[in-house]
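Report on one structure; see the data block that follows.
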Amino acid sequence: MPRFQRPTGTLDVLPEEQPYWAHVRAHTVRLAERAGFARIDLPIFESTSLFARGIGTGTDIVEKEMYTFLDKGGNSLTLRPEFTAGVVRAYIENGMRVRPQPVKLYSIGPVFRYERPQAGRYRQHTQFNMEILGDQDPSADLEVMLLISDVYAGLGFKRLSFQLNSTGCPRCRPGYVEVLKAYYQQHVDEVCDDCRRRLKQNPLRVLDCKADQCQPVIAAAPRIGDYLCDECADHFATLREYLDLLQRPYTLNHRLVRGLDYYTKTVFEVWAEGVGAQAAVCGGGRYDGLAEALGGPPTPGVGVAAGLERIILVMKAQGIEVPPLPAPSVYLAHLGPEARRETVRLADALRRAGVGVWLSFGERGLRSQLREAGKRGVHYAVILGEEELSRGVATVRDMEGGEQVEIGLAELVTWLQERTHP
Ligand code: ATP
Ligand code: MG
């Protein structure tokens, strides 16, 4: 038999990791709902053409990273590589335009990208995603930026940096792209092969290149901020004015571009310390052209997606602790077959009364059972032997202090219920 292994680039989230996941999920969902975002759950796969259109051919995601397959009916489907295209598809398909605008939606779940796996970069990862659809006010951009930074602040993150840029719109961006291409033509011998290819397919992406040889060329490249049309410049100025008003620090980063063609105006990322090279814990921005590109009515939108695995890596690197998950508070130990029957009955009665129980299995000595009780982290161990049973009592041991008391079997459920539900 082969020894089966999980697919390259995927994770098993083991029980000991779950307190982090539960905490991060609960925290993000609470903040989103409190701010008026409603949850939407979508299929994990969609038509391949939705992503080809919504994300854009010529992007790394569509060219290289999608998990695409034909189903038995011959339809080309793709495991979602991000949320936004699916959310906008659902907005159009379900006629959400007739609801009061804007519509605020959040989602949480797995996304799939065929990438080169490394720490903080996987082929299946989990995103928390928020979108505001149907409004072009710069304060909507502000809202998603503030909410996501509140998520990190509330989790206890230290040392975050907010990276901000505007990549214009279909009116002003093409002019800038021409200037950028002309500049790169003069430096074509200095840049890497990838950038030479990017110049033809997706020129803005040259700004995002990590190759050493390209760094001086990028540093001296023309900046999109100098080429924005009045509308984009005003939008960006207003957003920055709000951020200054709130004294929220950010870094203007002219190299920040998204791999997604439908992004207009605002783009941002939050970078954290503690995840090495994969420093981005979220990315977001405005996508005023997307709904139309998908055949819907013109609908401005802005959103953000955060990677939960990276959030948890940062929490661990920064030593952030999380509350434990609910666990049994009572261990039931028995000695002998009569007592065994009584502990089975007691376990049932305690569980019905809402008390979490770990029932000892098998026939074992008391010492071994108490050792297990210690490992399970319970508050009380109930010890029942034939002698106690004959007197109608049980010994209850406080596992923290070690004191023992005898409690009548008739009162035991109430006694434990009162002490485990203060
Ligand atoms: P990167 O530049 O790191 O590849 P991206 O620009 O592809 O990120 P987005 O598409 O904006 O990322 O996705 C939003 C967030 O999802 C990222 O900020 C990151 O936290 C997380 N993320 C993206 N790709 C991965 C991955 N392969 N593994 C784990 N997390 C990821
Ligand atoms: Mg990526």
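Indexing begins at 1, ligand by ligand and atom by atom, following the structure's order.
- In this structure, Tyr176 and Tyr227 have tilted ring planes: the angle between them lies in the 30° to 60° band.
- Note: Tyr152 and Phe157 have tilted aromatic rings, judged against thresholds of 30 and 60 degrees for the angle between ring planes.
- Of all atoms in ligand 1, numbered sequentially from 1 with element shown, those under 4.0 Å from a heavy atom of Glu115 are 24 (N), 25 (C), 26 (C), 27 (N).
- By the 4.5 Å heavy-atom criterion applied to side chains, Lys104 and Glu131 are not counted as neighbours.
- Close approach to Ala305 involves these atoms of ligand 1, each under 4.0 Å from a residue heavy atom: 14 (C), 15 (C).
- Figure legend: cation-pi geometry between Lys316 and Tyr20, with NZ or CZ positioned under 6.0 Å from the six-membered ring centre and within 45° of its axis.
- For atom 5 (P) of ligand 1, the candidate residues are His125, Gln127, Arg113, Glu65; the nearest heavy-atom contact is made by Arg113.
- Atom numbering of ligand 1 starts at 1 in the shown order; those under 4.0 Å from a heavy atom of Ala280 are 18 (O), 19 (C), 20 (O).
- Taking distance alone, with nitrogen or oxygen atoms compared against 3.5 Å, Glu269 stays at or beyond that limit from ligand 1.
- Under 4.0 angstrom from ligand 1, the non-hydrogen atoms of Arg121 come from both its backbone and its side chain.
- Counting atoms of ligand 1 from 1 in the listed order, those under 4.0 Å from a heavy atom of Gly283 are 11 (O), 18 (O).
- Here the side chains of Leu294 and Ile92 are in contact, with some heavy-atom distance below 4.5 Å.
- Taking every non-hydrogen atom of Cys282 and a distance limit under 4.0 Å, the qualifying atoms of ligand 1 come out as 18 (O).
- For ligand 1, the atoms sitting less than 4.0 Å from at least one non-hydrogen atom of Gly120 are 28 (N), 29 (C), 30 (N), numbered in the order shown with element in parentheses.
- Annotation for ligand 1: atoms under 4.0 Å from non-hydrogen atoms of Gly307 are 15 (C), 16 (O), 20 (O), 21 (C).
- The existence of a salt bridge linking Glu342 and Arg345 is confirmed by a sub-4.0 Å separation between a basic side-chain nitrogen and an acidic carboxylate oxygen.
- Under 4.0 Å is where a charged nitrogen must lie from a carboxylate oxygen, and between Asp348 and Arg352 at least one such pair does.
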